[in-house]
Number of protein chains: 2
Amino acid sequence: MRNGTKIEKEARPRGRPRGFITSEVLERVRDVFLTKGFAAASLDELSAAAGLNRPSLYAAFGDKEQLYISTLKHIGQKSVEAMDAILSGPEPIEQRLGRLYKGAIDIYTKPPNRPGCIIVATATVESPSHPRIGAAANEILASFEKAFERGFASSDLKPAPSPAERASMAGAILYAIGIRARLGVPAAELRTFTKSMIPVICR
Amino acid sequence: MRNGTKIEKEARPRGRPRGFITSEVLERVRDVFLTKGFAAASLDELSAAAGLNRPSLYAAFGDKEQLYISTLKHIGQKSVEAMDAILSGPEPIEQRLGRLYKGAIDIYTKPPNRPGCIIVATATVESPSHPRIGAAANEILASFEKAFERGFASSDLKPAPSPAERASMAGAILYAIGIRARLGVPAAELRTFTKSMIPVICR
DNA sequence: GGATAATTATGCGGAACGGTACAAAAATAG
DNA sequence: CTATTTTTGTACCGTTCCGCATAATTATCC
C-alpha cells in the first residue's frame, strides 16, 4: 500500500480545469435515464440536464452507453451502501427489512414520475442489444443480494432457508416493488405487500 | 346469447382481402419488441418481421404504441391461458408451481436472445413516457396474479397467508425470473432458485 | 509573457426515425 | 363490364438522432 507519488500541492492538472463534478453530473443524467430509459433518452436531454455541452459529455464519459453504465454503477454503489447501512442495524431482521422496503417504496413512487428502480425498470430491456449494460446490471443486482445476505447472516433466524436463499427472495420482492411502482401501483398497496411478505421470508 | 346477424356466406367484406392474419402478425412483431424493446424497435424492423409494408401496419394497428399494446395484450391473454392450464391441474400446488416456473424459465432463457418477460423487461420502462403502455402492462400483471390466486385457492394450504398474498409472492418470483434471465443468469441457477422458493411460498 | 494542454462552446452532417401521400392491385356489387 | 371499396407497394417528407470537427477559452509550465 505504499504511496510513492508526491501529493504536495494537490497535483493540479495542466490545462483548463473542469467546470463540473463527476458525481453531480451522473446524478443529473440519472434523472433523464430513469424517466426515459436508455434508448429514448436523447443526448440533447442528457446534456441539458447535466448542464454540459455534448462534446464535454463525450470527453468525460464516452458515448451514451458508457455514460449510462457509469450512471448505473454510481447509483448501484450508493444503493448498496444505503442497504448496508440499514441491514447492519441492531434491530431484528424483520424490522431492518421493513425499513429498507419502506425507503425503497418512497423512492420508487416519488412524484411526479414514480420512477421505480433504474436497474430492473430501465437497464434490463437493453441487455440483448447492449450486453455490457446487461452485465453491469446483473452485477449490481448480485451485489444487492449480497447485501441482503449479509443482513440475514446477522440474524437469529433458523439456518434453513439459508441466508443466500432468503436473500434471493428478498431481492425478488424488491424487484417486484421496483416494477409495480413504475406501473402505477399505489405506495400503500406496495407497503401492505411487503408487510405480508416479510414474515414469509423470515419464517 | 342470441345471434341475430346473418352468418350465411361468412359475410366476406367488400374490398381487397387482407393478406395476413392478425394474430400471426402480432406474434412476429413480438419477436422484435421482445428483443429490442418498444423505443428501440424501428418500424422498418417491425414491418419487415411482420411481412407487411409500413402503411399496412398503420392501417391495421395504428401507430407504434398501439401496435405494441396490441402485442402486449395478445401475449398477456395467451400467457394467462397457459398459466391457468397448468395451475388448474390435479397435482399438489407445489408441483403445479414447479411446472409453471420450469416452463417460464425455458421461454425466458430461450437462445439466442434470453428474452425474459416482455412485460416486466420491455413494457415497464415505457410507463412514464407512455402511460397507456404502463396501464396495459399493469393490467396484465394483475391478471397473472389472479391466475396464481386461483391456483392457490384450489389447494389444501393453510388459510394464512391468503391465496392473494401467496399469489403476490409467486408473481414476484416470476418477475425476478423474467428479469434475471434477460440479464444472463443461467437457466440452471434460476431453476434452483424456484425450487428453493416454492416451499417458502407454500409453507 | 509565450508555449502548451485541457476544457468549453458553436455548429454541422450523414443517417435513421416515424408517419403519410399516392397510385396500382385485387376483391365485391350491380 | 363498370363502379366501388379495401389493401398493397413505392417513394417520400420533415424531424430527430448521435457523434464529431473546429475554434475560442482558461488554466499551468517554463
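Chain letters run A, B, ... following the sequence lines, proteins first, then strands; residues in each count from 1. These numbers come from the heavy atoms of this one structure, side chains and all, not from hydrogens, waters or symmetry mates.
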Mapping Gly51(A) and Glu45(B) to their closest nucleotides on DNA chain C, which lands nearer the 5' end?
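The residue mapped nearer the 5' terminus is Gly51(A).
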Both Pro17(B) and Asp44(B) contact DNA chain C. Taking the nearest nucleotide for each, which residue is further toward the 5' end?
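Looking at DNA chain C, the more 5' nearest nucleotide goes with Asp44(B).
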Hey, is the side chain of Arg14(A) poking within less than 4.0 Å of OP1 or OP2 on dA6(C), counting only N and O atoms?
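It does not, given that no N or O in the side chain of Arg14(A) lies less than 4.0 Å from OP1 or OP2 of dA6(C).
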For dT8(D), does OP1 or OP2 lie under 4.0 Å from any side-chain N or O of Ser56(B)?
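Indeed, a polar side-chain atom of Ser56(B) lies that close.
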Report, as yes or no, whether the 6.0 Å neighbourhood of atom NZ on Lys36(A) holds more than 12 heavy atoms from other residues, nucleotides or ligands.
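Check fails, neighbour count at 12 or below.
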What orientation do His130(A) and Phe38(A) show, parallel under 30°, tilted 30 to 60°, or perpendicular over 60°?
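Rings of His130(A) and Phe38(A): perpendicular, over 60°.
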Euclidean distance, atom [atom1] of residue [X] to atom [atom2] of [N] [Å, nearest integer]:
{"X": "Phe61(A)", "N": "dG19(D)", "atom1": "CZ", "atom2": "C1'", "value": "17 Å"}
{"X": "Leu52(B)", "N": "dT6(D)", "atom1": "CG", "atom2": "P", "value": "18 Å"}
{"X": "Leu46(A)", "N": "dG19(D)", "atom1": "CG", "atom2": "P", "value": "11 Å"}
{"X": "Asn53(A)", "N": "dC20(D)", "atom1": "CG", "atom2": "P", "value": "16 Å"}
{"X": "Asp63(B)", "N": "dC17(C)", "atom1": "CG", "atom2": "C1'", "value": "14 Å"}
{"X": "Leu67(A)", "N": "dG19(D)", "atom1": "CG", "atom2": "C1'", "value": "14 Å"}
{"X": "Tyr58(A)", "N": "dC20(D)", "atom1": "OH", "atom2": "P", "value": "7 Å"}
{"X": "Gln66(A)", "N": "dG19(D)", "atom1": "CD", "atom2": "C1'", "value": "13 Å"}

Residue mapping more 5' on DNA chain D - nearest nucleotide basis, Pro55(A) or Ala39(A):
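Nearer the 5' end of the strand: Ala39(A).
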Selection from [options] that lies nearest to any side-chain heavy atom of [X]:
{"X": "Arg16(B)", "options": "dT6(D), dC20(D), dT8(C)", "answer": "dT6(D)"}
{"X": "Ser42(B)", "options": "dT20(C), dC17(C), dA9(C)", "answer": "dC17(C)"}
{"X": "Leu43(B)", "options": "dT8(D), dG18(C), dG19(D)", "answer": "dG18(C)"}

Minimal non-hydrogen separation, Gly134(A) against Ser127(A), with atom names:
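So the two residues come closest at CA-OG, 3.4 Å.
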Look at the side chain of Arg54(A) and the base of dG19(D), then say whether one donor and one acceptor between them are separated by less than 3.5 Å.
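Checked by distance alone, the answer is yes.
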Any luck finding a side-chain donor-acceptor pair between Arg96(A) and Ser154(A) under 3.5 Å?
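Yes, a side-chain donor-acceptor pair sits under 3.5 Å.
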Scan Ala41(B) against the nucleic acid and name what it touches under 4.0 Å (heavy atoms): base, sugar-phosphate only, or nothing.
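Result for Ala41(B) = sugar-phosphate.
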Is there a side-chain contact between Val200(A) and Ile201(B) in this structure, where contact means two heavy atoms from C-beta onward sitting under 4.5 Å apart?
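Heavy-atom side-chain distance check fails, nothing below 4.5 Å.
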